[in-house]
Structures are given as structure tokens and as C-alpha cells.
Amino acid sequence: MDFQLLYRSVSNHSKWHSSDMDILNHAIAANKLAGISGYLLRDQRLFYQVLEGSEDRLRLLFARICRDQRHTDVECLKFEAVDKPLFADWSMGYQVARLSGLAPGGISESPHGPEGDADAIIAQIKRIASH
């Protein structure tokens, strides 16, 4: 059974920092071997990442992500079984985007970052990934 995990965190670096490419390059290689797919979206200060795969592997990966010093305030927004992965074609996709105004009724920016329920955030990431 596939599981889907969505988390949000605050980057310790500005967008386009070399650490983003380090994260992406490592994730592409490691996720493919582990059977994990996903997509990483970031703006100037926040990361949103959707990860999909087996429950055990996602739990192990998320524990490593929580210890990563390149970001803080890691918050799991969703972790549940899914019928089918949305990002199966991506060992790890990546996009820098302005998160406010992505779609009416979707994610909106507040002083504390984008707001919205986990499914709305995942739908926004899916739309961005399909372009």
C-alpha cells in the first residue's frame, strides 16, 4: 500500500541557495532506490514537500528530514494511505514558486505562511508539477 506524507518547514537559506541542489540531487538518487516519489516546492522561506511510498520507508525518511540542519520548524501536515501516488513519475520534482495566489480558494499567504488544508496544498503542488 502506498502512503503520502506532506510536510512544511522553514528554510535556513534563501531560495536558489546551493543547499537546494544538494537536497534535490541526493533525493533523486536515494528516492529512486527506495521506491519513493515526491515533489519539493519552495518559496523564499518555506519548503512544502510531498513524499509517496511505503509507510516504513516514509517514516524513516521523515525522521532523517526532521534532523536535517538546512531547515527548521518541520511540521507534518498529512500522513495517510492513498489509493495511488500522484507523483509516481518523479523521484523528486522541484520548483521555486511564489506560494500566494496560486489558485482561488487554495493556498493564500499570511504573515505565518501559506494556509490551507493538506489536500488543497497537495492539489496545488500537483498543478505546478504538471506544467
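Remember, it's a predicted structure, so these values are computed and weren't measured experimentally.
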In chain order, what residues pass the side-chain hydrogen bond (donor to acceptor under 3.5 Å, both in side chains) check against Asn12, with sequence neighbours excluded?
none
Closest heavy-atom pair, Cys66 versus Val74, reported as atoms and distance to 0.1 Å, is SG-CG1, 3.8 Å
What distance separates Leu5 CG from Leu58 CG, expressed to the nearest 0.5 Å?
6.0 Å
Within the structure provided, determine whether Gln124 and Leu41 are in side-chain contact (heavy-atom separation under 4.5 Å).
no
Identify whether Leu60 and Met92 are in the same connected component of the hydrophobic contact network (ILVMFWY, side-chain heavy atoms under 4.5 Å).
no
Under 3.5 Å: donor-acceptor pair, side chain of His13, backbone of Ser18:
no
To the closest 0.5 Å, what do you measure between CG (Asp68) and CZ (Phe47)?
8.5 Å
Taking side-chain hydrogen bond (donor to acceptor under 3.5 Å, both in side chains) as the definition, give me every residue that meets it alongside Ser37, ordered by chain and number, with sequence neighbours left out.
Glu52
Determine whether Tyr39 and Lys126 make a side-chain contact, defined as any pair of heavy atoms from C-beta on separated by less than 4.5 Å.
no
Could you tell me whether the side chain of Arg57 and the main chain of Ile36 form a donor-acceptor pair under 3.5 Å?
no
Nearest 0.5 Å please: distance from the CD1 atom of Ile125 over to the OG atom of Ser130.
12.0 Å
Nearest 0.5 Å, please: how far is OG in Ser9 from CG in Leu46?
7.5 Å
Side-chain polar contacts of residues 75-89 - donor-acceptor pairs under 3.5 angstrom, sequence neighbours left out - could you list them?
| residue | atom | partner | partner atom | Å |
| --- | --- | --- | --- | --- |
| Glu75 | OE1 | Arg8 | NH2 | 2.7 |
| Lys78 | NZ | Gln4 | OE1 | 3.0 |
| Lys78 | NZ | Glu80 | OE2 | 3.4 |
| Lys78 | NZ | Asp119 | OD1 | 2.7 |

Taken to the nearest 0.5 Å, the spacing of Ile23 CD1 from Tyr94 OH works out to 8.0 Å
Over 60° means perpendicular and under 30° means parallel, so classify the ring planes of His71 and Tyr7, tilted if in between.
perpendicular
Distance from Asp56 atom CG to Leu61 atom CG, nearest 0.5 Å?
12.5 Å
